[in-house]
Amino acid sequence: MGPLPPLADGGLPKPRIGIGGISIESSTFSPHISGDEAFTIRTGDALRAYYPFLDAGEELAEAAEWVPLTHGRSLPGGAVAADTYQRMKDAIVEGIRAEGPFDGFFFDIHGAMSVVGLDDAEGDLALAVREALGPDTLVSTSMDLHGNVSETLRDAVDLLTCYRMAPHEDWLNTKERAVWNLLARLRGPHGADPHARRPYTAWVPVPVLLPGEKTSTRLEPARSIYAELPGIEALPGVVDASVWIGYAWADEPRCQAYVVVTGDDRELIAREAERVAQLFWEAREDFVFVAKTGSLDEALEEALTPDAPRPYLISDSGDNPTAGGAGDVTWTLARLLQRPELTDGTRTTLVASVFDREAVAQAVAAGVGATVTLAAGAHVDAGPHGPAELTGTVFSITDGDPDAGTQVVMAVGGLHAILTERRKPFHHLDDFRMLGLEPTTADIVVVKIGYLEPELYELAAGWTLALTPGGVDQDLLRLGHHRLQPGVYPFDTTGTPDLSAVVVRRGDREEQHA
C-alpha cells in the first residue's frame with residue numbers, strides 16, 4: 001500500500017472516522033445457535049487497539065480523528081440468535097447517532113453472518129448503519145473472502161475489499177487496506193464533496209459455490225485468479241479489486257461467488273470485473289481440494305501403514321468450528337475409539353476436540369491419573385452421532401484458556417482425546433503443548449479443520465482431508481441446499497450465466513455494463 005497520498009487541495013486533512021461492525025460466519029446447517037456468550041464485544045480504546053495500524057504514531061492513526069464505537073466478533077458457529085444480533089446492531093447504531101456526524105466509517109464485517117429470521121444479515125446491518133450515518137459519510141468495508149456481497153450490502157457502502165489469501169494470513173493487511181482506501185479518498189481532491197469522493201462499483205455475481213477447502217489460494221486455479229488483483233488495483237482509475245468465494249454452508253439466496261472492482265473509470269472497472277468473473281466461471285470445474293481426500297477409514301488406512309510419514313494429520317472437516325461447525329460432533333471420535341490399533345498403546349494419536357462442560361467437570365472431579373468412564377459431546381449437534389462413550393485415564397487438566405475454558409485430555413491407551421468446556425479451534429502447536437501433548441512426536445493428529453493453518457501445514461509429514469459429516473460437510477450436494485439462486489454450480493450444471501457487470505455509485509442510477 002505504501003504511504004498515503006499527499007493531501008490534495010479540497011481534501012480533508014483530519015477527517016472524523018467511526019469504526020464498528022460484526023464478524024462471524026454462520027452455518028445454517030448446524031443446530032448451534034451463537035448467543036451473547038459467543039461474542040467478544042470491543043468498544044472505545046479496546047476496539048482501536050485491535051488494529052495495530054491505528055497505534056499512536058502510525059501514519060494511518062495520525063491521518064484522522066478515530067472514533068471506535070462497537071464491534072462484535074465470534075468464532076464461526078451456527079446462526080446468531082435474533083436478540084443477540086439486535087443488541088449488537090442497536091449498540092452500533094446508537095453509537096453512530098451519539099458520536100456523529102462522521103466523514104468516514106470503517107465497517108468491519110465478515111460477510112457470512114446468518115441471523116435467525118434474516119436472509120441477508122450484513123445487508124440488514126449495512127442499511128441500519130447507512131441510515132444512522134446519513135448519505136454523506138463515506139463507508140469502507142473489510143470482509144472475509146468467504147463472505148457474500150448482496151445487492152443490498154453493495155448499495156449501502158462505498159468501498160469494498162476482502163482477503164486475498166486462504167488460509168487468511170492477510171486478514172490484518174486487508175483491514176489496513178480498507179482504511180487506507182478510505183483515507184485516500186477523503187484526502188483526495190474531491191474529499192470534501194460527499195458525492196464526488198464516492199467511487200463507482202462494478203459488481204459481478206458468479207453462480208459458483210464451493211467449499212473453502214477447494215479454493216485455497218495456495219493452489220490453482222484460485223492462486224492465479226487472485227494473482228490478477230494487485231495488477232488491476234494498480235491501474236489508473238482503479239481503487240480496489242476483490243474476489244469473494246462466497247460461503248458454502250449457509251442456505252441463503254445471496255450465497256455464491258462475487259467479483260467487485262471499485263474506481264473512477266467506469267468502463268475499465270467493468271471490463272476488469274467481467275474478465276476476472278469469466279476466469280472464475282471457466283475454472284469452476286478445476287478447483288480441487290487442498291489435500292488428498294477420502295473417508296475417515298481411508299484416511300486411517302493411509303495413516304496406519306508402517307511407512308506412513310509422521311506425524312500424519314487427518315482433517316475432521318465436517319465439524320470444523322472455524323467454518324461454522326458446532327464443535328461437539330462425535331462421529332469421528334467414536335470411530336477412532338473403536339480401532340484397537342489406536343487404543344492399544346502401540347502408537348500415539350491426538351484428537352482435537354469435543355466440547356462438553358459436563359464431561360470436563362466429571363474428569364476434573366476424578367482428577368489427573370484417575371480412570372473414569374464418561375459420555376462426551378453431541379449436546380448441540382447429535383445428527384451424525386450421539387455422545388461418545390469412553391473409558392480412560394485423565395491425562396491432564398488445564399484451566400484458564402480464554403476460548404476453551406478448562407481443557408481435559410483423556411487417554412485411552414495411546415489415543416488422547418481432548419475435551420473442552422467451550423468450543424475452540426486447534427490451529428497452533430502450543431494449543432496441544434499447553435495440555436502436555438507434543439504433536440511433533442505423535443504418530444497421528446486428528447483435528448477439526450479443513451485446510452491446515454500454517455503451523456499445522458508445516459507439521460504435517462502426511463495429510464488426508466477426511467470427508468466427515470457435520471454442519472460444514474465438504475460434500476455440499478448431500479447437505480440439502482434448496483434456497484440458492486437458480487443456476488449455481490455444482491447444484492446446477494446446465495446453462496451459461498450472464499457475467500455482465502452492474503456498475504453503481506451511491507446516489508446515481510444503476511446501469512448494466514454493455
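When reading the values below, keep in mind they use all heavy atoms of this one structure, side chains included, and skip hydrogens, waters and symmetry mates.
With values rounded to the nearest 0.5 angstrom, Phe105 atom CZ is found 5.5 Å from Leu69 atom CG. To the nearest 0.5 Å, the span separating OG1 on Thr70 from CD1 on Ile19 amounts to 11.0 Å. Taking CD1 from Ile22 and CD1 from Ile41, the interatomic distance works out to 7.5 Å, rounded to the nearest 0.5 Å. In this structure, Glu421 CD and Asp403 CG are separated by 12.5 Å, a value rounded to the nearest 0.5 Å. Taken from NE2 in His71 to CE in Met88, the straight-line distance is 9.5 Å, to the nearest 0.5 Å. Put simply, CD on Glu25 and CE on Met113 are 12.5 Å apart, with the number rounded to the nearest 0.5 Å.
For the side chain to side chain contact (heavy atoms under 4.5 Å, CB included) test with Ser27, the passing option among Val472, Leu479, Asn320 is Val472; the others fail. Screening Asp158, Asp155, Thr201 for a side chain to side chain donor-acceptor pair (under 3.5 Å) involving Arg506 leaves a single residue, Asp158. For the pairing with Phe280, the ring pair (Phe, Tyr, Trp, His ring centres under 6.0 Å) check across Tyr226, Phe287, Tyr489, Tyr258 returns one residue only, Phe287.
Listed for the His32 side chain is a donor-acceptor partner under 3.5 Å among the backbone atoms of Gly78. Judged purely by atom type and a 3.5 angstrom limit, Ser34 has no side-chain atom pairing as donor or acceptor with the backbone of Val80. At distances below 3.5 Å, not a single donor-acceptor pair connects side-chain atoms of Trp463 with backbone N or O atoms of Leu452. No side-chain donor-acceptor contact under 3.5 Å links Arg187 to the backbone of Pro6. Arg177 contributes no side-chain N or O that, together with a main-chain N or O of Ser142, makes up a donor-acceptor pair within less than 3.5 Å. Looking at Arg154, its side chain never comes within 3.5 Å of a backbone N or O of Val149 through a donor-acceptor pair. Using modelled atom types, one side-chain atom of Glu122 and one backbone atom of Gly111 make a donor-acceptor pair closer than 3.5 Å. Of the possible polar contacts, none joining the Ser30 side chain to the Gly471 backbone as a donor-acceptor pair under 3.5 Å is found.
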If you apply the rule salt bridge (charged side-chain N to carboxylate O under 4.0 Å, His left out), what do you find for Glu37 with Arg422, and how did you get there? CA-CA 10 Å; Glu37 76 291 338; Arg422 299 188 297 271; over 6 Å; no
Chi angles and distances behind the salt bridge (charged side-chain N to carboxylate O under 4.0 Å, His left out) call for Lys89, Asp124: CA-CA 9 Å; Lys89 175 183 170 181; Asp124 180 80; 2.9 Å; yes
As a quick check of understanding, evaluate side chain to side chain donor-acceptor pair (under 3.5 Å) for His482 and Asp251, giving each step before the final call. CA-CA 7 Å; His482 64 280; Asp251 190 17; 3.1 Å; yes
Could you go through His428 and Asp431, starting from their C-alpha distance and side-chain angles, then the distance that decides it, and tell me whether this counts as side-chain contact (heavy atoms from CB on, under 4.5 Å)? CA-CA 5 Å; His428 305 288; Asp431 292 333; 3.7 Å; yes
Could you go through the salt bridge (charged side-chain N to carboxylate O under 4.0 Å, His left out) check for Arg275 and Glu272 one step at a time? CA-CA 5 Å; Arg275 184 175 67 82; Glu272 290 302 304; 2.8 Å; yes
Does the salt bridge (charged side-chain N to carboxylate O under 4.0 Å, His left out) test come out yes or no for Asp170 and Arg164, once each step is laid out? CA-CA 7 Å; Asp170 66 331; Arg164 295 173 180 172; over 6 Å; no
Might you work through the side-chain contact (heavy atoms from CB on, under 4.5 Å) test for Asp475 and Leu467, ending with a clear yes or no? CA-CA 7 Å; Asp475 187 346; Leu467 303 178; 5.9 Å; no
Derivation and outcome, side-chain contact (heavy atoms from CB on, under 4.5 Å), residues Tyr451 and Tyr457: CA-CA 8 Å; Tyr451 50 62; Tyr457 188 74; over 6 Å; no
Please assess Leu499 against Glu274 for the test side-chain contact (heavy atoms from CB on, under 4.5 Å), listing each intermediate value before the final yes or no. CA-CA 6 Å; Leu499 297 177; Glu274 290 171 356; 5.8 Å; no
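Looking at residues two or more places apart in sequence or on another chain, you find a ring-ring contact (aromatic ring centres under 6.0 Å, His included) between Tyr163 and His168. The ring-ring contact (aromatic ring centres under 6.0 Å, His included) test applied to Tyr51 returns Phe53, Phe106, not counting sequence neighbours. Contacts of Tyr85 classified as ring-ring contact (aromatic ring centres under 6.0 Å, His included), with partners at least two apart in sequence or in another chain: none. Not counting sequence neighbours, the partners of Arg223 by the salt bridge (Lys or Arg N to Asp or Glu O under 4.0 Å) test are Glu220. Residues forming a ring-ring contact (aromatic ring centres under 6.0 Å, His included) with Phe355 (at least two apart in sequence, or on another chain): none.
A cation-pi arrangement is present between Arg284 and Trp281 under the rule of less than 6.0 angstrom and at most 45 degrees off the ring axis. A cation-pi contact links Lys424 to Phe426, judged by a cut-off of 6.0 Å to the six-membered ring centre and 45° from its axis.
Using a 4.5 Å heavy-atom threshold, the side chains of Arg218 and Pro167 count as touching. Within the 4.5 Å cutoff, no side-chain heavy atoms of Leu235 are placed close to those of Asp265. Considering only heavy atoms from C-beta on, Leu60 comes within 4.5 Å of Leu4 through its side chain. With contacts defined as side-chain heavy-atom distances shorter than 4.5 Å, the pair Gln474/Trp249 qualifies. Within the 4.5 Å cutoff, the side chain of Glu455 has no heavy atoms near those of the Leu459 side chain. No side-chain heavy atom of Val488 sits less than 4.5 Å from a side-chain heavy atom of His481. Within the 4.5 Å cutoff, no side-chain heavy atoms of Pro321 are placed close to those of Leu75. Contact annotation: the side chain of Val502 never approaches that of Glu151 to less than 4.5 Å [non-hydrogen atoms, C-beta and beyond].
When only modelled atom types and interatomic distance are considered, His195 and Arg505 share a side-chain donor-acceptor pair under 3.5 Å. At a cut-off of 3.5 Å, with distance as the only test, no side-chain donor of Ser150 or Asn148 sits close to an acceptor on the other residue. If you check the side chains of Glu213 and Ser317, you find no donor sitting under 3.5 Å from an acceptor. Between the side chains of Thr161 and Asp240, at least one donor N or O sits under 3.5 Å from an acceptor N or O.
Glu65 and Lys14 are not joined by a salt bridge, as no carboxylate oxygen comes within less than 4.0 angstrom of a charged side-chain nitrogen.
Counted within 6.0 Å of CZ on Phe491, heavy atoms from surrounding residues, nucleotides or ligands total more than 12; the atom is thus considered enclosed. Heavy atoms from other residues, nucleotides or ligands lying under 6.0 Å from CD of Glu62 number more than 12.
Among pairs with a residue in residues 137-146, none fulfils salt bridge (charged side-chain N to carboxylate O under 4.0 Å, His left out), at least two apart in sequence or across chains.
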